[in-house]
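Predicted model, so just to flag it, every value in this text is computed and none were measured.
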Amino acid sequence: MTEVSFKGRRAVRIENEFLRVTVLKEGGHIAEVFDKRAGVSPLWIPHWTSLEPSAFAREQSDQFGNGTDAKLLAGIMGHNLCLDIFGGPSREETLAGLTVHGEASVDPYEVSEASGALVMQLWLRLAQLKFTRSVQLHENQLRIQEEVENLGAIDRPLGWTQHVTLGPPFLDPGTTQFRASLTRSMVSASDPGFNSYLSPGKEFTWPMAPLSGGGVADLQQMKGTSPASGYTAHVADPQRDPAYWVAFAPQFRLAFGYIWKRTDFPWLGIWEENCSRKASPWLGREVTRGMEFGVSPFPETRREMVERNRLLDVPTYGWIPARGRLTAEYWISSQVTEAVPETLEWPEI
């Protein structure tokens, strides 16, 4: 493990002959999974100057807006953890200090090395949770193990989503291809950007999503023209475990994806932003695709998550008992290949 500066941020790095992995100390974001053979990291790095969350101040609203997502946007990169909410805080939670997607995306982590793994730990003060993540290299793959411990004496609902976002140069709307083990799906009733091209609130079967003007779009590729935005929620195929998604960039001959246990994370949300957001810090310049797997279908407040309860016959939140622990394991795969893989399998080690 090596301490480094990455895009002006305090970070730590582990690497082998295949991959270079960089993790931010504040916010815990996996900022980079750089494939040395392909010469690229698929993860999104915003065009704006990144700030440590501890250096963020409300006076910077001209840079990052004045919403509850401003502090997160100031420091967001790559793969960020949403815990213990996936979405926005309520008014009361905002007044108590909670930001979009919860404390885990903005608080400082303790980072150490143990048995060849990078170990990250965080106490979520407001949520009364303890979070631990272990990241370990296995040739061209990453094994990630997580534990969430409830420090409180109350059973409670839980939001827990891996907010993985891809960006250029790996992500190209015209050529990047996607595959995933998904079935029943729904378009969000609200537009996450300003140029939604899908029919709001409609159910469909992966990958053919209904267009707002009629017809369908194949979500195995992003909409090729801008501006465009969209969010769709998908049930991981109950006939297949583990679940997976993979993105293939032909210009780099690189297939990059995640493999996880469907029982841990039954949902995948796909967020598209193609130059639709004009306000700061976006300025109509960002091209991203979020492939966000977790226990919830949509980014919502805690109340909305609980009141929805189930969608497409699947629960919309997790549950952690008093003084209890939840664990999850998933893998990142980065492989040089000539074509998009039609599936990903759980690695054998």
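- For an aromatic pair to be called close, the ring centres must be under 6.0 Å apart, and Y258 with W245 satisfies this.
- Note that NE2 of H163 is 8.0 Å distant from OG of S105, once rounded to the nearest 0.5 Å.
- Aromatic ring centroids of Y330 and F293 lie under 6.0 Å apart.
- With values rounded to the nearest 0.5 angstrom, R91 atom CZ is found 9.0 Å from T94 atom OG1.
- Every pair passing salt bridge (Lys or Arg N to Asp or Glu O under 4.0 Å) that includes a residue from residues 231-251 is listed here, sequence neighbours excluded: R240-E345.
- The same ILVMFWY cluster, assembled from side-chain heavy atoms under 4.5 Å apart, contains both V287 and M291.
- Between E26 and R9 there is no salt bridge, since no side-chain N of the basic residue sits under 4.0 Å from a carboxylate O of the acidic one.
- Here E304 pairs with nothing under the salt bridge (charged side-chain N to carboxylate O under 4.0 Å, His left out) rule; sequence neighbours left out.
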Between E17 and K36, is the salt bridge (charged side-chain N to carboxylate O under 4.0 Å, His left out) condition met? List the steps.
CA-CA 7 Å; E17 62 181 299; K36 297 180 179 181; over 6 Å; no
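- In this structure, W206 is not a member of the same hydrophobic cluster as M186, with clusters built from ILVMFWY side-chain heavy atoms closer than 4.5 Å.
- Ring-centre distance between W48 and W282: below the 6.0 Å cut-off.
- Under 4.0 Å is where a charged nitrogen must lie from a carboxylate oxygen, and between E147 and K130 no such pair does.
- Note on E273 versus R289: no salt bridge recorded, every NZ/NE/NH1/NH2 to OD/OE distance being 4.0 Å or above.
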Evaluate the criterion salt bridge (charged side-chain N to carboxylate O under 4.0 Å, His left out) for residue pair K223 and E272; output intermediate values, then yes/no.
CA-CA 9 Å; K223 189 175 188 295; E272 292 188 16; over 6 Å; no
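- Look at E338 and R253 and you find a salt bridge, because one of the NZ, NE, NH1 or NH2 atoms lies within 4.0 Å of a carboxylate O, short of that distance.
- Put simply, OG on S296 and CZ on R308 are 10.0 Å apart, with the number rounded to the nearest 0.5 Å.
- Side-chain atoms of E329 and W331 include a donor-acceptor pair closer than 3.5 Å.
- In this structure, W160 has its ring center closer than 6.0 angstrom to the ring center of F265.
- No side-chain heavy atom of L158 sits less than 4.5 Å from a side-chain heavy atom of W319.
- Between L83 and L124, the shortest heavy-atom contact is O-CD2, 3.5 Å.
- Rounding to the nearest 0.5 Å places CD of Q162 at 9.0 Å from CD1 of I332.
- With a 4.5 Å cut-off on side-chain heavy atoms, V164 and E292 do not count as touching.
- Between the side chains of N195 and S229, no donor-acceptor pair of N or O atoms lies under 3.5 Å.
- Residues E146 and F131 have side chains in contact (heavy-atom distance under 4.5 Å, counting atoms from C-beta outward).
- At a threshold of 4.0 Å, the pair R184-D313 counts as salt-bridged, since one of the basic side-chain nitrogens sits closer than that to a carboxylate oxygen.
- Every residue was checked against the salt bridge (charged side-chain N to carboxylate O under 4.0 Å, His left out) condition with R262, not counting sequence neighbours, and none meets it.
- For T175, the side chain to side chain contact (heavy atoms under 4.5 Å, CB included) criterion is met by D172, P250, Q251, not counting sequence neighbours.
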Salt bridge (charged side-chain N to carboxylate O under 4.0 Å, His left out) between E103 and R125: does it pass, once the steps are laid out?
CA-CA 8 Å; E103 300 159 85; R125 180 179 56 86; 5.4 Å; no
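- Partners of E139 under the salt bridge (charged side-chain N to carboxylate O under 4.0 Å, His left out) rule, at least two apart in sequence or in another chain, do not exist in this structure.
- No single ILVMFWY cluster, assembled from side-chain heavy atoms under 4.5 Å apart, contains both I259 and L19.
- Aromatic rings from Y109 and H29 are positioned such that their centres are separated by 6.0 Å or more.
- Atom CG in N16 sits 8.5 Å away from atom CG in N140 (nearest 0.5 Å).
- For E110, the CD atom is loosely surrounded, since the number of other residues' heavy atoms within 6.0 Å does not exceed 12.
- Y231 contributes atom OH, which lies 10.5 Å from atom CH2 of W271 (distance to the nearest 0.5 angstrom).
- In this structure, L72 and H101 have side chains that are in contact, with non-hydrogen atoms separated by less than 4.5 Å.
- Note on E32 versus R13: salt bridge recorded, some NZ/NE/NH1/NH2 to OD/OE distance being below 4.0 Å.
- Remark: E286 pairs with no residue by the salt bridge (charged side-chain N to carboxylate O under 4.0 Å, His left out) rule, at least two apart or across chains.
- Note: the hydrophobic cluster containing V246 does not contain L43 (ILVMFWY, side chain heavy atoms under 4.5 Å, direct or indirect links).
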